[in-house]
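Numbers restart at 1 for each chain; the letters A, B, ... are given by sequence-line order, proteins then strands. Not measured: the values here are computed from a predicted model.
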Number of protein chains: 2
Amino acid sequence: MPVVQEQRIVDRIRAKVGASRMALGIGDDCAIFRPRSAREELVFTTDMLVEDVHFRRETHTPAQVGYKALARGLSDIAAMGAEPRFCLLSVAFPKWASSSWIDRFFDGLLALARATGTELAGGDLSHAAAFTADITVCGSAPVGASLRRSTAHAGDYVYVSDTLGGSALGLATSKGAAWKRHLRPEPRLALGRYLRTRASAAMDITDGLSLDLHRLCLASNVSADIEPPPLFRGASLEQALHGGEDYELLFTARPNKRIPAAFGGIALTRIGQIRRGHAGEMRQAGKPLPIKGYDHFS
Amino acid sequence: MPVVQEQRIVDRIRAKVGASRMALGIGDDCAIFRPRSAREELVFTTDMLVEDVHFRRETHTPAQVGYKALARGLSDIAAMGAEPRFCLLSVAFPKWASSSWIDRFFDGLLALARATGTELAGGDLSHAAAFTADITVCGSAPVGASLRRSTAHAGDYVYVSDTLGGSALGLATSKGAAWKRHLRPEPRLALGRYLRTRASAAMDITDGLSLDLHRLCLASNVSADIEPPPLFRGASLEQALHGGEDYELLFTARPNKRIPAAFGGIALTRIGQIRRGHAGEMRQAGKPLPIKGYDHFS
């Protein structure tokens, strides 16, 4: 099993934090908080977007950067089956960011915020050498209804939404539908809510199917057998298995749950099955699946 | 009235966002969200700490950086009169950050988290050229009890907690009690909760008394007359009026509210009175008070 440094750091932090009083603490797409006497639970996620790490200003318009800053957080909200409610934005602008660049950054972010009912409720403005935006999104779901990554069981089928590898292909070619896919991932919000009563576990695919399925298996203490996932037109199997930033949903469901072939025009494809066995192990077409997703600390 | 660029950007963003469905949206120390049917309201703040903007690694230990990253957010929670509940941390580590530096950063943050009952509930790990930490803190208060900056009225007395100018003096001298004050500001959480039923408006002093009082006056559509505030031992009046990062509370109270001379060992000093008049205008010792606080965009 390859060393996954980021996971190690997260595990060490979780050990330091100790017992959690949250409904769900560190380690999933979102944390879950249950306000006293409320009929809803609140889910929270935070995502940082850094210039020259997550985007380049030479290739991304300010509106595209704004869109992506929020879309990444909304994808986590979708993965929990929650409805977005509001967001907070901390942003540090470098000297090169003109007043019009800043304006168009906010236009891109707020267009997506409006389209998804996510109010920008506050934040923090600062400056830095590199543009950095950190978005916190709060979503809500009926108490107990949020989807987690730690609740898959042996025998559950494994599914993915739409196709994989498009974002990695776009990043490699900077053109066509794949580049658009890389620039404007669609948070699968309606699908996430639909899956609340159907999926046994869910997460979004941000760092590549191999790394994210590994994380789901580790969290659920299971292993998985998968076949090749559906490929984005032109993408390689390598890109689909290990490429990051697809922002599709990876989910599991009991075999007796009917999962339709598509939902709202997005294909839902069964790619495998959860097994007992060494936690986090995965096989693809019968052979061990290596983990090659993106790790900030490897 | 000097141009305050940061305020302009915030105003423009607020105009873009439009009507708010939050109990309180953009512009205060925290946003306020009321979950359906809950007996408590939740307050949220987010604060970004950037290397070489807010601290230098040559002069700050990793534990001090961790402490400060959370303390800044807790100070906003204190200013709302709320009780901290949990926090989320997005952090980008540069190549120079060793595993032990990262560890001690979390130790400093988590020691304050434990001392204040603020659970670290999640976050995001990334990398960047400069160390960047963004903390989101959630606090709670009974519905309608949170303190705001927009509710001061003509005739209210103006108060500050403890002394001002210590952090600016510490930054200038890097020694003694003032340097410690700069490194380890105390979020005034118990005082904030005490003021819930006593203050008419409140905020924390992060960018200097002159700029922050100006913000309170603008938000409340009032002006203010003040006298010199109490000085940190060795600090100049200039440092007390315009120096940033004191993290003391600035609050107003109706003249008939008894405010004690101290609370929990922290002096509470009446420094002036709210007046009608041009919104945001301030006079000190009868003369117009210039605004010289810290502005990221000036």
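- If you measure heavy-atom distances from A:Thr132 to chain B, the contacts under 4.5 Å come from both the backbone and the side chain.
- Side-chain atoms of A:Glu40 come within 3.5 Å of backbone N or O of B:Arg36 as a donor-acceptor pair.
- For a residue to count as touching a neighbouring chain, one of its non-hydrogen atoms must lie under 4.5 Å from one of that chain's; by this rule B:Asp28 does not touch chain A.
- Residue B:Asp47 forms a side-chain contact (heavy atoms from CB on, under 4.5 Å) with just one option from B:Thr206, B:Leu70, B:Asp76, and that option is B:Asp76.
- Chain A forms more heavy-atom pairs under 4.5 Å with one residue of B:Ala92, B:Gly25, B:Ser20 than with any other, namely B:Ser20.
- In this structure, B:Cys30 and B:Thr45 approach most closely via the heavy-atom pair SG-CB, 3.6 Å.
- Looking at A:Ala129, there are no atoms closer than 4.5 Å to chain B (heavy atoms on both sides), in backbone or side chain.
- Aromatic rings from B:Phe105 and B:Tyr67 are positioned such that their centres are separated by 6.0 Å or more.
- Both the backbone and the side chain of A:Leu120 come within contact range of chain B, with heavy atoms under 4.5 Å apart.
- In this structure, no portion of A:Asp52 lies under 4.5 Å from any heavy atom of chain B.
- Of the two parts of A:Ser140, only the side chain, counted from C-beta on, holds a non-hydrogen atom closer than 4.5 Å to a non-hydrogen atom of chain B.
- Within the 3.5 Å criterion, the main-chain N or O of A:Asp124 finds no donor-acceptor partner in the side chain of A:Ser126.
- Ranking B:Ala121, B:Ala128, B:Ala130 against chain A, the residue ahead of the rest is B:Ala121, based on heavy-atom pairs under 4.5 Å.
- Donor-acceptor pairing under 3.5 Å is lacking for the side chains of B:Ser167 and B:Asp246.
- The candidate from B:Thr136, B:Asp134, B:Val50 with the greatest count of non-hydrogen atom pairs under 4.5 Å with chain A is B:Asp134.
- Residue A:Arg14: no heavy atom, backbone or side chain, is found under 4.5 Å from chain B.
- Ring geometry for A:Trp101 against A:Phe131 counts as perpendicular: the plane angle is over 60°, on a 0 to 90° scale with 30° as the lower cut.
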